[in-house]
Each structure stands twice: as C-alpha cells, then as structure tokens.
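Read the structure below first, then the notes.
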Amino acid sequence: VEVMFFAGLLSAWSIVESTAPPGAWPPPGPPRLPIEAPAGNTAGLLGSGVLALLSRSAFAHNSSSRRGRRMLLGAALLGSGFVAFQGLEWVRLISQGLTMRVSTFGSFFYMIVGAHAVHALAAIGALLWCWRQATLGKLRHATLAAVLALWSFVVVLWPILYTTVYL
C-alpha cells in the first residue's frame with residue numbers, strides 16, 4: 001500500500017512536471033530547492049539504514065545484545081537528525097516564500113517530503129521501541145524484522161524522492 005501511495009505521488013509529480021510549459025517547472029519566483037545540504041542529509045539517512053541492518057546480525061544470537069542496542073539507537077538518532085534537518089529546511093523555505101499555496105510545485109514538494117517525514121517518524125518510534133525491548137531483554141526477532149523492513153523502506157525510498165523532487 002505504501003509503495004503505491006508514493007508511486008501515485010511521484011506519478012502525479014511527473015505528469016505535472018512533464019506537461020508544464022518550458023520554464024514553468026519549477027515556477028519562477030519561489031526559492032530553488034537546495035541540493036548539497038539535503039545530499040549530505042541523505043548520506044546520514046543511508047548510514048542509519050546500514051546501522052539498523054547491522055543490528056539484525058548482532059541480535060541474531062542475543063536479543064539483548066549491547067552492540068545491537070547501540071546500533072539500533074544510533075540508527076534512530078541518525079534518522080531523527082535527518083527529520084530534524086528536513087524540518088529546518090522547511091522553515092527556511094517557507095520563510096523564503098515556498099509554501100503549499102504559492103504553487104503546485106510547493107504543494108507537491110511538501111506533500112511528498114512531508115509524507116516521507118511522517119513515515120520516518122513512525123519508523124523511528126518503532127526503532128526506539130525495539131531498542132527499549134532489547135534493553136529489557138524482550139526483543140522478538142520477528143518484531144525486529146518487521147521494524148527493520150519499515151525502516152529499510154523509508155531509507156531506500158528517500159534517494160528516489162530526493163532525485164525526483166530536488167534534482
């Protein structure tokens with residue numbers, strides 16, 4: 001379902017972008033989306049994904065592994081930093097005039113990136129819940145696998161969104 005949701009958003013973006021008159025997408029006037037800083041933020045998110053996946057092997061034989069807990073917490077912290085940075089970027093862009101009401105471009109930008117942020121926040125909460133369960137020695141491998149699948153989706157989806165929307 002989530003794949004189809006984002007596929008629909010990206011399809012709509014592509015249709016509007018491809019049918020816009022030359023020079024109208026993105027529209028003149030609002031600030032241009034930054035490229036370099038979000039690229040660095042993307043690297044942090046990818047690092048978070050690597051830590052999360054490495055935690056699986058640490059937990060494979062010990063559901064309360066100290067190493068696994070550190071990696072899971074590191075993944076959640078890097079993910080939180082990613083979302084916080086995105087929030088700061090939004091504040092800057094809004095203050096420069098890029099709002100949902102200014103153009104279709106702005107509406108699509110905030111809807112796509114915002115939907116990803118909501119998914120990221122939910123997955124970060126799940127990562128932290130798994131970390132807590134591991135701390136208590138109650139982490140189940142099936143639960144960790146499900147949470148890591150969600151986090152992997154969030155992590156892998158972002159570079160697709162970044163290249164589509166920012167570049």
Side-chain angles (χ1 to χ4, degrees), residues 1-56 71-72 74-130 143-167:
V1 172
E2 301 308 302
V3 171
M4 292 305 296
F5 172 72
F6 281 101
L9 287 174
L10 292 178
S11 294
W13 169 281
S14 296
I15 290 167
V16 172
E17 179 182 32
S18 67
T19 58
W25 192 269
R32 295 289 170 241
L33 297 178
I35 294 173
E36 294 84 10
N41 201 29
T42 299
L45 183 63
L46 293 173
S48 171
V50 170
L51 280 177
L53 291 176
L54 289 174
S55 75
R56 174 181 273 180
M71 285 189 268
L72 209 50
L77 291 174
L78 280 172
S80 297
F82 171 84
V83 173
F85 179 85
Q86 290 295 104
L88 291 173
E89 180 181 273
W90 279 26
V91 168
R92 187 183 60 74
L93 289 169
I94 289 168
S95 72
Q96 293 177 352
L98 182 62
T99 66
M100 288 187 80
R101 291 184 167 196
V102 75
S103 66
T104 304
F105 178 84
S107 297
F108 271 119
F109 171 75
Y110 289 111
M111 185 174 298
I112 292 169
V113 176
H116 182 265
V118 169
H119 283 77
L121 288 171
I124 291 164
L127 287 171
L128 291 171
W129 186 81
C130 281
T143 302
L144 179 63
V147 169
L148 292 181
L150 173 61
W151 188 240
S152 295
F153 171 74
V154 168
V155 170
V156 169
L157 176 63
W158 178 251
I160 296 166
L161 299 180
Y162 172 73
T163 57
T164 302
V165 173
Y166 284 78
L167 302 180

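If you read the sequence from its start, that first residue is 1, and numbering goes on from there.
Smallest separation of non-hydrogen atoms from Val156 and Pro159: O-CD, 3.2 Å. Between Gly49 and Val155, the shortest heavy-atom distance links the atoms CA-CG2, 4.0 Å. Shown here for Leu121 and Val83, the closest heavy-atom pair between the two residues is CD2-CG1, 3.8 Å. Closest non-hydrogen pair, Ala52 versus Trp151, comes out as CB-CD1, 3.6 Å. Of all the heavy atoms in Phe5 and Ala115, the pair that sits closest is CE2-CB, 3.6 Å. Annotation for Leu98 and Gly106: closest pair CD1-CA, 3.9 Å, computed over non-hydrogen atoms.
Contact of the Leu10 side chain with the Ile112 side chain is registered, since non-hydrogen atoms from C-beta on lie closer than 4.5 Å. Between Leu72 and Leu51 there is no side-chain heavy-atom pair separated by less than 4.5 Å. The shortest distance between side-chain heavy atoms of Tyr162 and Val113 does not fall below 4.5 Å.
Applying the side-chain contact (heavy atoms from CB on, under 4.5 Å) test to Leu77 and every residue at least two apart in sequence or in another chain returns Leu73. By the ring pair (Phe, Tyr, Trp, His ring centres under 6.0 Å) test, Trp129 is found to be paired with no residue, residues two or more places apart in sequence or in another chain being considered. For Leu54, the side-chain contact (heavy atoms from CB on, under 4.5 Å) test picks out Val50, Met71, with sequence neighbours left out.
Applying the side-chain hydrogen bond (donor to acceptor under 3.5 Å, both in side chains) test to pairs two or more places apart or on separate chains, none has a residue in residues 105-116. Counting only residues at least two apart or on different chains, the side-chain hydrogen bond (donor to acceptor under 3.5 Å, both in side chains) pairs with a member in residues 82-101 are Asn41-Gln86, Glu89-Tyr166, Arg92-Gln96.
Note: Ser55 OG to Leu144 CG = 5.0 Å, rounded to the nearest 0.5 Å. Between the CG atom of Leu53 and the OG atom of Ser48 there is a distance of 9.5 Å, given to the nearest 0.5 Å. Atom OG1 of residue Thr164 and atom CZ of residue Phe108 lie 12.5 Å apart, to the nearest 0.5 angstrom. Taking OG from Ser80 and CD1 from Ile124, the interatomic distance works out to 4.0 Å, rounded to the nearest 0.5 Å.
Ring planes of Phe109 and Phe105: parallel class, angle under 30° (limits at 30 and 60°).
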Show me the donor-acceptor pairs within less than 3.5 Å that the side chains of residues 17-33 make with the rest of the protein, sequence neighbours left out.
residue, atom, partner, partner atom, Å
Glu17, OE1, Trp13, NE1, 3.4
Ser18, OG, Ser14, O, 3.0
Ser18, OG, Ile15, O, 3.1
Thr19, OG1, Ile15, O, 2.8
Thr19, OG1, Val16, O, 3.3
Arg32, NH1, Pro27, O, 3.2

